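So the structure is just underneath, and the comments pick up after that.
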Amino acid sequence: MTLFLARGAVIRATQDTSSWPLVDPLPSYGRGRELPGGRYMSLIHGNGLQDVFITGSCSAQIAYCQSATPSLAGENGTIDGQGSVWWDMWKKRTLPFTRPHLLELVYSTDVIVSNVVFQDSPFWNIHPVYCSNVVIANVTVLAPHDSPNTDGIDLDSSSNVCIEDSYISAGDDLISIKSGWDEYGIAFARPSSGITIRRITGSSPFAGFAVGSETSGGVENVFVEHLNFFSMGVGIHIKTNSGRGGFIRNITISEVTLNGARYGLRIAGDVGGHPDTSYNPNVLPVVDSVTIKNVWGQNIRQAGLIRGIRNSVFSRICLSNVKLYGSASIGPWKCRDVSGGALDVQPSPCTELASTSETGFCTT
């Protein structure tokens, strides 16, 4: 099927929260992400779909566009969540269930989302979960910087995904890769893998590109390049926690430009809460083989923090040609429970990464 939004077309969500149906929690989360129990269904929701186009561009569906007027070709419509009523409920702590996304596709394959504006989502904007063969291209995601948890794109336990050529300005992480939450994600055991992300521009008080913190099913084989972020909380944020289990491995991030950020980079093993008290705090995540190279940043307050877990040291962390500058003196790198290497890093890297004499994996 094709959902085609012509020029000027708007799908606008109702602000009557009582008219939103409830759906079961995702099995890899065990409950709603914000509150126990079910969750509100997304504005646009699909389960078990194949060959789906959600687009405002004729290039994605030639047969449809042959019947469309030429003036509509290449024009973008808008999916408007009118999320302010949900944000107010969150701030007042009156939410009865977890807020809805704008778009959620579950157990779906061969999906293209392109040339559409996503605006003012109640919660996360675009959420492919348990999906494969997904392309998200030329989308625009907009939400105020003070809107809570309005992540741009959250890939969740999905494989063979490409995200490219998009602009995102939102109130939380612009793009995040996830794979389930603690004991539920471990039991479901579906990783996110085979992911390419490139040519993304945006701004947020949180992270530009993130992995986690829900990574209990594992995240691996991720290639990210050509990111351009401004007025950020954190440029790149890889985050997990004790009790998560799972793994984060074989991640390569390159060609990043930052203009204004509290932190250029954070890789941390103490981020994110837990769904309930049934998780095992002794189940530790593995973070291995993360390469970050060719990064340039200005107006950076703190270079970076790399904080592993005492009994699960983050290994083979490579920084190469990473240059971060502040308007005055930039805060230094802070590291612990990490091993790896660094080449041509400014300011000088922490001692755990200061030498590559025995870590040939970290090269230019």
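All of these numbers come straight from a predicted model, not from anything done at the bench. Starting from 1, each residue takes its place in the sequence as its number.
Proximity of a side-chain donor or acceptor of S204 to a complementary backbone N or O of F206 within less than 3.5 Å is detected. Of the possible donor and acceptor atoms, none in the side chain of R262 sits under 3.5 Å from a partner among the backbone N and O of V234. Between the side chain of Q302 and the backbone N or O of P332, at least one donor-acceptor pair lies under 3.5 Å. The main-chain N or O of T150 is never found under 3.5 Å from a side-chain atom of D172 such that the two would form a donor-acceptor pair. Under the 3.5 Å distance criterion, the side-chain polar atoms of R39 are left unmatched by any main-chain donor or acceptor of S42. A donor-acceptor pair under 3.5 Å links the side-chain atoms of Q15 to the main chain of Q82, judged by distance alone. Using a distance-only test at 3.5 Å, with no hydrogens or angles considered, no donor-acceptor pair links the side chain of T140 to the main chain of V117. Proximity of a side-chain donor or acceptor of E225 to a complementary backbone N or O of I253 within less than 3.5 Å is not detected. Not one N or O on the side chain of T252 forms a donor-acceptor pair closer than 3.5 Å with the backbone of F223. No side-chain donor-acceptor contact under 3.5 Å links S121 to the backbone of G81.
For the residue pair N221/R249, the side-chain donor-acceptor check at 3.5 Å is not satisfied. Between the side chains of N133 and D110, at least one donor N or O lies within less than 3.5 Å of an accepting N or O. Side-chain atoms of S132 and N160 include no donor-acceptor pair closer than 3.5 Å. Side chain to side chain, D16 and S18 meet the donor-acceptor criterion of an N or O pair below 3.5 Å. Using modelled atom types, one finds a donor on one side chain and an acceptor on the other under 3.5 Å when comparing N294 with E255. Of the N and O atoms on the side chains of N259 and N299, at least one donor lies less than 3.5 Å from an acceptor on the other residue. Looking at T55 and S114, their side chains do bring a donor and an acceptor atom within 3.5 Å of each other. Donor-acceptor pairing under 3.5 Å is lacking for the side chains of S28 and R190.
Between V129 and L26, the closest side-chain pair of non-hydrogen atoms falls below 4.5 Å. Side-chain contact between I306 and I317 is present, with at least one heavy-atom pair separated by less than 4.5 Å. A heavy-atom distance below 4.5 Å is found between the side chains of S192 and S179. Between V222 and F209, the closest side-chain pair of non-hydrogen atoms falls below 4.5 Å. For the pair I126 and P128, the minimum side-chain heavy-atom distance is below 4.5 Å. Residues V295 and L324 are in side-chain contact: their nearest non-hydrogen atoms beyond the backbone lie under 4.5 Å apart. For the pair E214/Y29, a side-chain contact is recorded, criterion being any heavy-atom separation below 4.5 Å from C-beta on. Considering only heavy atoms from C-beta on, V322 comes within 4.5 Å of W333 through its side chain.
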For this session: Report the C-alpha distance between T291 and I251 in whole Å, list the side-chain angles of each, state the deciding distance to 0.1 Å, and finish with yes or no for side-chain contact (heavy atoms from CB on, under 4.5 Å).
Result: CA-CA 6 Å; T291 297; I251 313 293; over 6 Å; no
Problem set entry | Residues F97, W20; criterion ring pair (Phe, Tyr, Trp, His ring centres under 6.0 Å); working and verdict | CA-CA 11 Å; F97 300 99; W20 291 69; over 10 Å; no
Problem set entry | side-chain contact (heavy atoms from CB on, under 4.5 Å) between L258 and I236, worked out | CA-CA 10 Å; L258 299 173; I236 299 164; over 6 Å; no
Exercise. Would T17 and M89 count as a side-chain contact (heavy atoms from CB on, under 4.5 Å) if you check the C-alpha gap in whole Å, the side-chain angles of each, and the deciding distance to 0.1 Å?
Worked result: CA-CA 10 Å; T17 60; M89 291 171 66; 3.9 Å; yes
For this session: Begin with the C-alpha distance, continue with both residues' side-chain angles, and end with the deciding distance and a verdict on side-chain contact (heavy atoms from CB on, under 4.5 Å) for D120 and L142.
Result: CA-CA 6 Å; D120 292 344; L142 303 173; 5.7 Å; no
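Across all non-hydrogen atoms, the minimal contact from S231 to S203 is O-OG, 3.3 Å. Listed here is the closest heavy atom pair of I186 and G245: CD1-CA, 4.2 Å. Closest non-hydrogen pair, S19 versus T14, comes out as OG-CG2, 3.4 Å. The two residues E352 and C335 have their closest heavy-atom pair at OE2-O, 3.3 Å. Taking all atoms of both residues into account, the shortest heavy-atom contact from L102 to I79 is CD1-O, 3.6 Å. The two atoms that bring P144 and S147 nearest to each other are O-OG, 2.5 Å, heavy atoms only.
Pairs passing the ring-ring contact (aromatic ring centres under 6.0 Å, His included) check and including a residue from residues 262-286, sequence neighbours excluded, read H274-Y279. Every pair passing ring-ring contact (aromatic ring centres under 6.0 Å, His included) that includes a residue from residues 117-171 is listed here, sequence neighbours excluded: H101-F123, H101-W124, H101-H127, Y107-Y130, W124-H127, Y130-F188.
To the nearest 0.5 Å, the span separating CG on L174 from CD1 on I168 amounts to 5.5 Å. Interatomic distance, W181 CH2 to N241 CG, rounded to the nearest 0.5 Å: 11.5 Å. For the atom pair L5 CG and T78 OG1, the distance stands at 7.5 Å (nearest 0.5 Å). Rounding to the nearest 0.5 angstrom, the gap separating the NZ atom in K239 from the CZ atom in R244 is 10.0 Å. Interatomic distance, CG of N149 versus CG of D151, reported as 6.5 Å (0.5 Å rounding). With values rounded to the nearest 0.5 angstrom, L284 atom CG is found 9.0 Å from T240 atom OG1.
In the hydrophobic clustering of ILVMFWY residues, with side-chain heavy atoms under 4.5 Å counting as a link, F230 and V224 come out apart. The hydrophobic clustering, which links ILVMFWY residues whose side-chain heavy atoms are closer than 4.5 Å, places F4 and V10 apart. Linking ILVMFWY residues whenever their side-chain heavy atoms come closer than 4.5 Å, directly or via other members, places V111 and I11 in the same cluster. By the criterion of side-chain heavy atoms lying less than 4.5 angstrom apart, applied directly or through intervening Ile, Leu, Val, Met, Phe, Trp or Tyr residues, L3 is grouped together with V139 in one hydrophobic cluster.
Between D344 and K293 there is no salt bridge, since no side-chain nitrogen of the basic residue lies less than 4.0 Å from a carboxylate oxygen of the acidic one. Looking at K178 and D156, no side-chain N of the basic residue comes within less than 4.0 Å of a carboxylate O on the acidic one, giving no salt bridge. Salt-bridge formation is not detected for the pair R307/D337: no Lys NZ or Arg NE/NH1/NH2 atom is positioned less than 4.0 Å from an Asp or Glu carboxylate oxygen.
For R301, the CZ atom sits in a loose shell: 12 or fewer heavy atoms of surrounding residues, nucleotides or ligands are nearer than 6.0 Å. For K334, the NZ atom sits in a loose shell: 12 or fewer heavy atoms of surrounding residues, nucleotides or ligands are nearer than 6.0 Å.
Judged as a side chain to side chain contact (heavy atoms under 4.5 Å, CB included), and not counting sequence neighbours, the contacts of S193 are S159, E220.
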